[in-house]
Amino acid sequence: MAVAAKTAAGRRTRPLLEVIALHKSYGSVQAVRGIDLSLANESYVTLLGPSGCGKTTLLRMVGGFEAIGSGTLMLDGMRLDDLPANRRPINTVFQSYALFPHLSVLENVAFGLSYRAVPKDRIKARAREALATVRMEAMADRRPRQLSGGQQQRVALARAIVNEPRLLLLDEPLSALDRRMRKDMQIELKDLQRRLGMTFLHVTHDQEEAFALSDRIVVMRDGRIEQQGAPGDIYTRPATAYVADFIGGASCLPGRILGPAGKGYAIETALGRHVVPGVAGLSVGARAVLCLRSEQVALGDTGTPAEVTHAVYRGADWLLECVAGGQLFQVAHAGPPPAPGETVRLSFDPDRVWIAREAA
Amino acid sequence: MSRLGTLWVCLVFGFMYLPIAMIALFSVNASDVMAFPLTGVTGQWFAEILGDGRLGGGFLTTLAVAFPVALLTTLLGAAAALALTFYATRFRVLFAALLLLPFLVPRLILAVAQLILFKELGVSRSLLTVIAGQSVIILPFTTVIVASVLIRIDRRLIEAAADLGASGWCSFRRVVLPLMGNGLMAAWVIAFVLSSSEYVLTAFLSGRQQALSVLVASDFRFDLSPSLNALAVLIVLGNIALVVIAEAIRHRAGRLN
Amino acid sequence: MRPQSAGNWLALPVVAALGALCLAPLAILFAYSFFSVDFVTISHDPSLKNYARILQSETYRGLIARAFGSGLLVAAITAVIGYPVAWFLAKRAGAAKTMLLTLLLVPLYSGDLLRIFAWRVLLGAEGAINRSLIWLGAIDAPLQGLLFSPLATHIALTYNYLPFMVIGLWLAFESLDDAWLEAAADLGAPGRDRFRRVTLPLTAPGLIAGGLMVFVMVVGDYLTPQLLGGASGVTVISAINDLFGTAFDWPLGSAIAWTMLAILMLCFGAGATLIRRSSLVAEGA
């Protein structure tokens, strides 16, 4: 399926979607407070955050289901602000799929085509093609409620992509599926996005899902963007303690910056001084956190003494919880675990850990 | 869209309350003619109604019918609702259809059919026949009211009670019954109101003792006196008070669950 | 006590009561419909004479047709009036919903008689509307067509049964997920099409259920046409009443009653099947 032709120049110079200073409040509650975001063409972008962080509100404003409070939305350089949902070249995969229960699978997929410039006799064929791309052509005559969750998910996907939208929105599309199905669908979604060369904007609260899918992750918190970047950047170089904790559950050891040193900063913490790389722009004396992920901390003969409080078997390894200097650390440990109550010594490679801001 | 909707809803509710408002207005209007312009305020019509011994007797007859009807239909309605929801019988669909039947059959046809039955059985018309006849048509309403409370009760509560060692009867008495109590009260009140305002079955099945609704009907077939307005206002106010109480009880049940 | 057997025991008294006071009377009525009147006694020789008479009589056929016509008309009117109200109650009323629903039902409980009385006060030649119009100078003489006319009957019937239609539709709107409308908009459907292709088909079960309730009650209504219809108040139901009263032809009355019941049950069965089919669609079973 070919995406509507665009001039090559236009593609390169201009982002597909631009969100500029977007605000939205309900009564006294500010759901979205000042978001600037741009989406490159043919990218897979995830809005990641806990429930109530404003990610769904943002998505719904892009889709046209929620009036924008203030700010601007631009798609291909065209203002979307006052365009109703039915006239935006954007389609959505809804959280509960929202398949029409009174129509067959095929009729569901064909629904949007009746509002596109598609010849009447081509509509059914096009709908079948779309069903084939999600391997659901055998279910064309079923009713949505006769399908499993995963199958409904695929139909919802087919119903959206058949319209060849400039931008596809996905609102927690995998949250109703079980873990196994979710993994399979993640692979399929990513694969589909690559094959179609479409831009996907995906909302989720599941960081694993965001990592599996995205070219770019936008971490949101309290209606604002906390950090955005490639998955690897976000994981290895979190900007704030919040991001470090939300993504991969790093242990954040509070400290104070002593000054620039080596490739990063010297930081004073309850567990001593360390020279560690970190986010740019931290000034001397600033409060910051040292982020330690479970796989970055190791047990050894030297290092900080800590008491083991719990050991949880994870199949491939053990996750130990240890307390040192009043701070809880998680340690991935391959061998047989020390018993709870035992004292161990923790060490880490200062070049592999990271200093993040205490708050945005 | 929403504003248009609001306007329409206001109009429709206005339509629903226009007749009642009109009766209320004329019940205190100091003129024999029920028409505008209004001439002044009087309590004459209420005094006339309250001093009317015949209507007073009718009112007592109405109560004598409505109390047993409300009790009977609440008990039967509760049994029916339980059989439809919690302790579903195998014949549920058939049972539901049977319960709907009195609602489907025109009142007058049911009334004459019951009249023939009573005649064939040699039962003469009395308050008992009125109670029997009314109970049948009010039963669907009480069933629906109790069922509407029952379907909101989590069925796992019974399983939890059984898990904690309660027998079937015990779990009913200690779990289901307390939760459906509000539904029973609401059903009783609504049944009472429906019984007191029922005319067709009452008129056809009653003997010498005549209930208020029958007396009112014969009154207003012959002349339209403003005192009827006063009577209507009293009845409507009484009914509204009861219905509001019943609804309040039912919604309290909803919140508790 | 196992649930299943408990259910059967609970249903027993209800079935007994309904059997004795609803099924048995209707069965006797059915038996009577095959009897005939011999001067002043009732002859128990079964025959289809009564049904033949109904078929041949233009009067009775006309009355039956008119009853069903009225039922359809009032069902249609209440549907048009009630549809936006039900939508508003389910989707826009917010916290006021409970109160509005109660307010909608309250007039129902004042009883047929009082409601009819009120309309008589409103519509009569000496009634509030006429007198007010004269007082305002809009007309010189009272409008005669207001009371004791099919118009008066149908206004009051609409008034009587509108709440049932609204309740039926309201339930349908409550189960109408807003996400379906958003999905339709997302797929490019403008407002009009969202209504035609999504809202209307998905609320159709409520429309049928409400329509069926209104239809059945209008067809069976005795008092309203009697007390407000004047000369037009002769209905098939009042004809049955006459046959059991002054005309003393119980068998013919029974036959007409059963003809009505049979048609009503057919309508009900057809409606129930339609609803079941459309909710099968919704449930996907």
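The sequence lines fix the lettering, A, B, ..., with proteins before strands; numbering per chain opens at 1. Predicted model only: the values in this text are computed from it and were never measured.
More than 12 heavy-atom neighbours from other residues, nucleotides or ligands sit within 6.0 angstrom of NZ on K97(C). In the displayed structure, R116(A) atom CZ is contacted under 6.0 Å by more than 12 heavy atoms of other residues, nucleotides or ligands. Counting non-hydrogen atoms of neighbouring residues, nucleotides and ligands closer than 6.0 angstrom, the CG atom of D82(A) reaches no more than 12 such neighbours.
Between the N91(A) side chain and the D186(C) main chain, a donor and an acceptor come within less than 3.5 Å of each other.
There is no contact between A204(C) and chain A, counting heavy-atom distances below 4.5 Å. Only the backbone of L99(A) comes within less than 4.5 Å of a heavy atom in chain C; its side chain stays farther off. With a 4.5 angstrom heavy-atom cutoff, R60(A) touches chain C only via side-chain atoms. Looking at F94(A), the atoms closer than 4.5 Å to chain C (heavy atoms on both sides) all sit in the side chain, from C-beta outward.
Note: D193(C) leads D177(C), D193(C), D178(C) in heavy-atom pairs under 4.5 Å with chain A.
The minimum heavy-atom distance linking P190(C) with N86(A) is given by the pair CA-ND2, 3.4 Å. Scanning all heavy atoms of the two residues, the minimum distance from A183(C) to A98(A) falls at CB-O, 3.8 Å.
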Run the side-chain contact (heavy atoms from CB on, under 4.5 Å) check on E182(C) and T92(A) step by step: do they pass? CA-CA 9 Å; E182(C) 286 181 357; T92(A) 307; over 6 Å; no
Could you go step by step and tell me if R197(C) and F100(A) meet the side-chain contact (heavy atoms from CB on, under 4.5 Å) rule? CA-CA 10 Å; R197(C) 295 182 67 178; F100(A) 303 122; over 6 Å; no
